[in-house]
Amino acid sequence: MTILRFFCPFFILFFTPIASVQAFTGTYGINYGRIANNIPSPDEVVTLLRAAKIRNVRIYDADHSVLKAFSGTGLEIVVGLPNGQLQDMSSNPDHALNWVKENVQSFLPDTRIRGIAVGNEVLGGTDYSLWGVLLGAVKNIYNATKKLHLDQLVQISTANSFAVFAVSYPPSSGKFDNNVNQYMKPLLEFFQQIGSPFCLNAYPFLAYAGDPEHIDINYALFEPTKGIYDPMYHLHYDNMLDAQIDAAYAALEDAGFDKMEVIVTETGWASNGDQSEAGANATNARTYNYNLRKRLAKRKGTPHRPKNVVKAYIFALFNENEKPGHSSEKNYGLFKADGSISYDIGFHGLNAGHSSLLSLKVP
């Protein structure tokens, strides 16, 4: 997750044509980050996820202990190729083939690996050396899946931060940053060829924390509000996430990719933060995640794309006490380290402060 603060209130997301493989079934998923020394074992996490009836999961690497724990569970997982391996994967097709063999093929079909996220928030990031190697890594990983006859089972993607946009407000003005565009366009062309979506890590929390004086917190939290009006689209927006998604669609349309689907690969709200991080508290975190869950359950699209059902992976499963950066980075978890719920957002059978991971019974 990018820790940049944005003063315009919007972000974006992911795509898939009819015949292509889909990594995301349903509308609700979760990110299983593990930068912590106090969270439950992968086996215990499986018990928690099944009890909460969360089926779609993303991890940020291809840790074998996690992949083994997920075997035979029916949970569908997207694994990650870390940024530190992009250079190698881009320049060495054989290394990409071996990586897919060792970290994907060897666990199939018992572990339902449905996607590979190649890098995270590369374009728009501060490590410019990775911008030029991302596409090569994506192509080599895809070609490896094709060679192993996995390309119709495993979807290739990469997640973007909001830093890839030059403009995002109002939604109709969405446009990619000029510096990013020379790398983004060929990447999107390849994704269009292989039927992949556009993925975005979208955080109304970061937008609000960056400009609390000008952004209505109710608009960021899906609470009743007057919202905003987009004069070009002639559309009203009653929540920021929908507006962020449509800003992404506008940027894709501007770049010539008007059929690409947007998927939210990260979104969430911090339950604690530094003094400078406005709105970072448990009450707002519960409100955002509870309302987000209700909004996704409606299986509806955005004002600009009403037929494209919104899909989102929530960030994150646990608080991660070893994450660097602002205090908020450590406090996005829906669950505490002992497996109890941080706050009740409506998971049936699980109650805040009561359900311990170790005592959960899965039918």
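Small disclaimer: the values here were computed from a predicted structure and weren't measured. Each residue takes its place number in the sequence, starting with 1.
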Query raised in the report: Between Asn239 and Asp242, does any side-chain donor sit less than 3.5 Å from a side-chain acceptor?
Result: yes
Query raised in the report: Can His304 and Glu253 be counted as having a side-chain donor-acceptor contact under 3.5 angstrom?
Result: yes
**Report entry** Within 45° cone and under 6.0 Å: Lys139 NZ/CZ vs Phe190 ring
**Finding:** yes
**Report entry** Short side-chain donor-acceptor distance under 3.5 Å, Glu76 and Thr25
**Finding:** yes
Query raised in the report: Any ion pair linking Asp216 and Lys226 (charged N to carboxylate O, less than 4.0 Å)?
Result: no
Requested in this report: Mind running salt bridge (Lys or Arg N to Asp or Glu O under 4.0 Å) on Arg34 and Asp63 for me, showing each step along the way?
Outcome: CA-CA 10 Å; Arg34 305 189 318 282; Asp63 184 271; 3.7 Å; yes
Query raised in the report: Side chains of Phe107 and Ile113: closer than 4.5 Å at any heavy-atom pair?
Result: yes
**Report entry** Residue Asn178 excluded, over 12 heavy atoms near CG under 6.0 Å
**Finding:** no
Query - Check: Ala202 main-chain N/O paired with Thr267 side-chain donor or acceptor under 3.5 Å - result: yes
Query raised in the report: Short question: side chain of Asn181, backbone of Asp177 - any donor-acceptor pair under 3.5 Å?
Result: no
Requested in this report: Indicate whether any N or O donor in one side chain lies under 3.5 Å from an N or O acceptor in the other, for His95 and Asn98.
Outcome: no
Report task. Is it possible for you to say whether Tyr249 and Val309 belong to one hydrophobic cluster, with membership spreading through side-chain heavy-atom contacts below 4.5 Å? Result -> no
Query - Polar side-chain atom of Ser161 near backbone of Glu121 as donor-acceptor pair, under 3.5 Å - result: no
Requested in this report: Quick one: pull up CD1 in Ile245 and CG in Asn308 and give me the separation to the nearest 0.5 Å.
Outcome: 10.0 Å
Query raised in the report: How about Phe257 and Phe176: are their ring centroids closer than 6.0 Å?
Result: no
Report task. Run the numbers on Tyr32 and Tyr313 for ring pair (Phe, Tyr, Trp, His ring centres under 6.0 Å), then give the verdict. Result -> CA-CA 10 Å; Tyr32 172 20; Tyr313 289 91; over 10 Å; no
**Report entry** Verdict with reasoning, Phe222 to Tyr288, per ring pair (Phe, Tyr, Trp, His ring centres under 6.0 Å)
**Finding:** CA-CA 7 Å; Phe222 301 94; Tyr288 182 81; 5.3 Å; yes
Query raised in the report: So, are Glu320 and Lys330 salt-bridged, with charged N and O less than 4.0 Å apart?
Result: no
Query raised in the report: Does Gly279 offer a backbone N or O that forms a donor-acceptor pair with the side chain of Trp269 under 3.5 Å?
Result: yes
Query raised in the report: Is a salt bridge present between Arg305 and Asp246, judged by a nitrogen-to-oxygen distance below 4.0 Å?
Result: no
Requested in this report: Could you tell me whether the side chains of Asp151 and Thr145 share a donor-acceptor contact shorter than 3.5 Å?
Outcome: no
Requested in this report: Indicate yes or no: at least one non-hydrogen side-chain atom of Phe335 is less than 4.5 angstrom from one of Asn319.
Outcome: no
Query raised in the report: Is it true that the NZ or CZ of Arg286 lies under 6.0 Å from the centre of Tyr290's six-membered ring and within 45 degrees of the ring axis?
Result: yes
Requested in this report: Check whether the side chains of Asp274 and Ser276 place a donor and an acceptor atom closer than 3.5 Å, and report yes or no.
Outcome: no
Query raised in the report: Is a side-chain donor-acceptor pair under 3.5 Å present for Asn37 with Asn321?
Result: yes
Report task. For Asp230 and Ser172, indicate whether the former's side chain and the latter's backbone hold a donor-acceptor pair under 3.5 Å. Result -> yes
**Report entry** Chi angles and distances behind the side chain to side chain contact (heavy atoms under 4.5 Å, CB included) call for Met240, Ile215
**Finding:** CA-CA 10 Å; Met240 186 185 292; Ile215 296 175; 3.4 Å; yes
